[in-house]
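Worksheet: the structure to be examined is printed underneath.
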Amino acid sequence: MKIATFNVNSINARLGNLTQWLEAVGPDIVLLQEIKCQTEAFPTLAFETLGYQARALGQKSYNGVAILSRHSIEDVLEGLPGDSEDAQARYLEATIQGVRVAAIYLPNGNPIATHKFDYKLAWMTRLHTRAADLLKTGGPVVLGGDYNVIPEPVDCENPAEWQDDALFQPQSRRAFRALLHLGYYDAFRSLHPEARRAYTFWDYQRGALQRDDGIRIDHLLLSPQALDRLVSCGIDKAPRLEPKASDHTPIMLELRP
DNA sequence: ATGGTAGGTTGCCTA
């Protein structure tokens with residue numbers, strides 16, 4: 001079973017790019033972020049035509065997550081537990097073929113001297129709690145999404161450039177590491193410990209793509225039971241090179257049955 | 001030190 005995560009930066013702006021990629025690659029499950037539309041406005045029909053069911057959790061203008069699946073989507077959880085006041089659409093969880101999956105759009109957190117960074121860290125604390133609960137089920141769990149965290153210096157081309165950025169702050173990196181210490185595995189890093197210049201995001205600005213000035217911030221975290229089934233994991237750079245591309249590119253893994 | 005690009009909304013915010 002192939003599971004991918006892809007921050008599309010507007011589902012409507014990316015409909016052509018995304019459907020082309022789905023047809024070319026044929027993932028079983030796709031975890032989407034930044035759909036940037038309201039739940040009811042999600043273009044479900046376009047995906048049903050390609051054989052995918054869809055579940056979305058959106059809001060006006062910003063954020064928004066969704067799950068596409070060739071298999072039935074069950075036991076959906078909308079929103080990250082832990083703060084009933086939080087209206088931002090950043091978390092969607094479901095069971096597909098016995099695997100518990102989550103589409104995560106972790107807050108960016110910039111600028112760091114503002115409440116936005118506090119919100120990011122608080123959100124990561126809530127994610128930690130939820131991730132711990134999911135581990136206790138003892139089943140396969142795949143937490144995929146745009147974590148907005150550069151885990152290590154090797155996960156960016158130019159660490160100095162990110163020194164004052166929320167994505168590379170010690171607190172952000174520590175909170176990401178804490179998820180691993182719970183017992184989760186970074187699928188890409190587990191299989192490719194020595195990989196360099198393995199990026200999932202290149203800014204639209206300053207010719208970042210042309211200079212390969214990227215960062216690895218889209219991650220697939222696996223419970224031990226999912227890791228046991230891990231066959232492969234890779235970043236597909238091709239979509240980022242297409243016209244009208246998202247600033248992110250998908251990362252995908254395969255689980256054996 | 002600044003501003004560069006993209007998307008959605010609306011006269012600007014987020015990334």
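Protein chains get the first letters and strands the later ones, always in sequence-line order, with residue 1 at the start of each. All values derive from a computational prediction rather than experimental measurement. Values below: all heavy atoms of this structure, side chains included; hydrogens, waters and symmetry mates excluded.
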What is the separation between atom [atom1] on [X] and atom [atom2] on [N], rounded to the nearest whole Å?
| X | N | atom1 | atom2 | result |
| --- | --- | --- | --- | --- |
| N108(A) | dC13(B) | CG | C1' | 13 Å |
| Q88(A) | dC13(B) | CD | C1' | 12 Å |
| D247(A) | dG7(B) | CG | C1' | 10 Å |
| I150(A) | dA15(B) | CD1 | C1' | 13 Å |
| H248(A) | dT14(B) | NE2 | C1' | 12 Å |
| L15(A) | dG8(B) | CG | C1' | 16 Å |
| I35(A) | dT9(B) | CD1 | C1' | 17 Å |
| K36(A) | dC13(B) | NZ | P | 15 Å |

Write down the distance separating the [atom1] atoms in [N] and [M], rounded off to the nearest Å.
| N | M | atom1 | result |
| --- | --- | --- | --- |
| dT5(B) | dT9(B) | P | 22 Å |
| dT2(B) | dG7(B) | P | 27 Å |
| dG8(B) | dG3(B) | P | 25 Å |
| dG4(B) | dA15(B) | C1' | 13 Å |
| dT10(B) | dT14(B) | P | 13 Å |

Ring centres under 6.0 Å, that's the criterion: do Y119(A) and H115(A) meet it?
no
Drop me the distance from [X]'s [atom1] to [Y]'s [atom2], to the nearest 0.5 angstrom.
| X | Y | atom1 | atom2 | result |
| --- | --- | --- | --- | --- |
| Q53(A) | F47(A) | CD | CZ | 13.5 Å |
| L180(A) | Y185(A) | CG | OH | 9.5 Å |
| Q97(A) | L255(A) | CD | CG | 11.0 Å |

Salt bridge flag under 4.0 Å for residues R55(A) and E78(A)
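Salt bridge flag = yes for E78(A) with R55(A).
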Under 4.0 Å between a side-chain nitrogen and a carboxylate oxygen: does that hold for D86(A) and R126(A)?
yes
Picking from dA15(B), dT9(B), dG8(B), the nucleotide nearest the side-chain atoms of A13(A) would be dG8(B)
Considering only heavy side-chain atoms of Y62(A), the closest of dT14(B), dT9(B), dA15(B) is dT14(B)
Near-strand residues of residues 163-173 of chain A, defined as heavy-atom separation under 4.0 angstrom from DNA chain B
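Going residue by residue through residues 163-173 of chain A, none turns out to have a heavy atom under 4.0 Å of DNA chain B.
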Quick check on contacts: within residues 203-218 of chain A, what sits under 4.0 Å from DNA chain B by heavy-atom distance?
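Residues of residues 203-218 of chain A that come under 4.0 Å of DNA chain B are, in numerical order, Y204(A), Q205(A), R206(A).
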Quick one: label Y105(A) by what it contacts on the DNA or RNA (base, sugar-phosphate, nothing), any heavy atom closer than 4.0 Å.
sugar-phosphate
Can you classify the ring geometry of H219(A) versus F176(A) as parallel (below 30°), tilted (30 to 60°) or perpendicular (above 60°)?
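Tilted: the ring planes of H219(A) and F176(A) meet at 30° to 60°.
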Fit a plane to each ring of Y199(A) and W202(A), take the angle between them on a 0 to 90° scale, and name the class: parallel (under 30°), tilted (30 to 60°) or perpendicular (over 60°).
perpendicular
Any chance you could lay out the salt bridge (Lys or Arg N to Asp or Glu O under 4.0 Å) test for R189(A) and E152(A), step after step, and finish with the verdict?
CA-CA 11 Å; R189(A) 216 27 115 189; E152(A) 301 292 338; over 6 Å; no
Relative to the 5' end of DNA chain B, which residue comes earlier, K60(A) or N7(A), by the nucleotide with the nearest heavy atom?
K60(A)
For R70(A) and Y52(A), which I'm curious about, is there any donor-acceptor pair between the side chains at under 3.5 Å?
yes
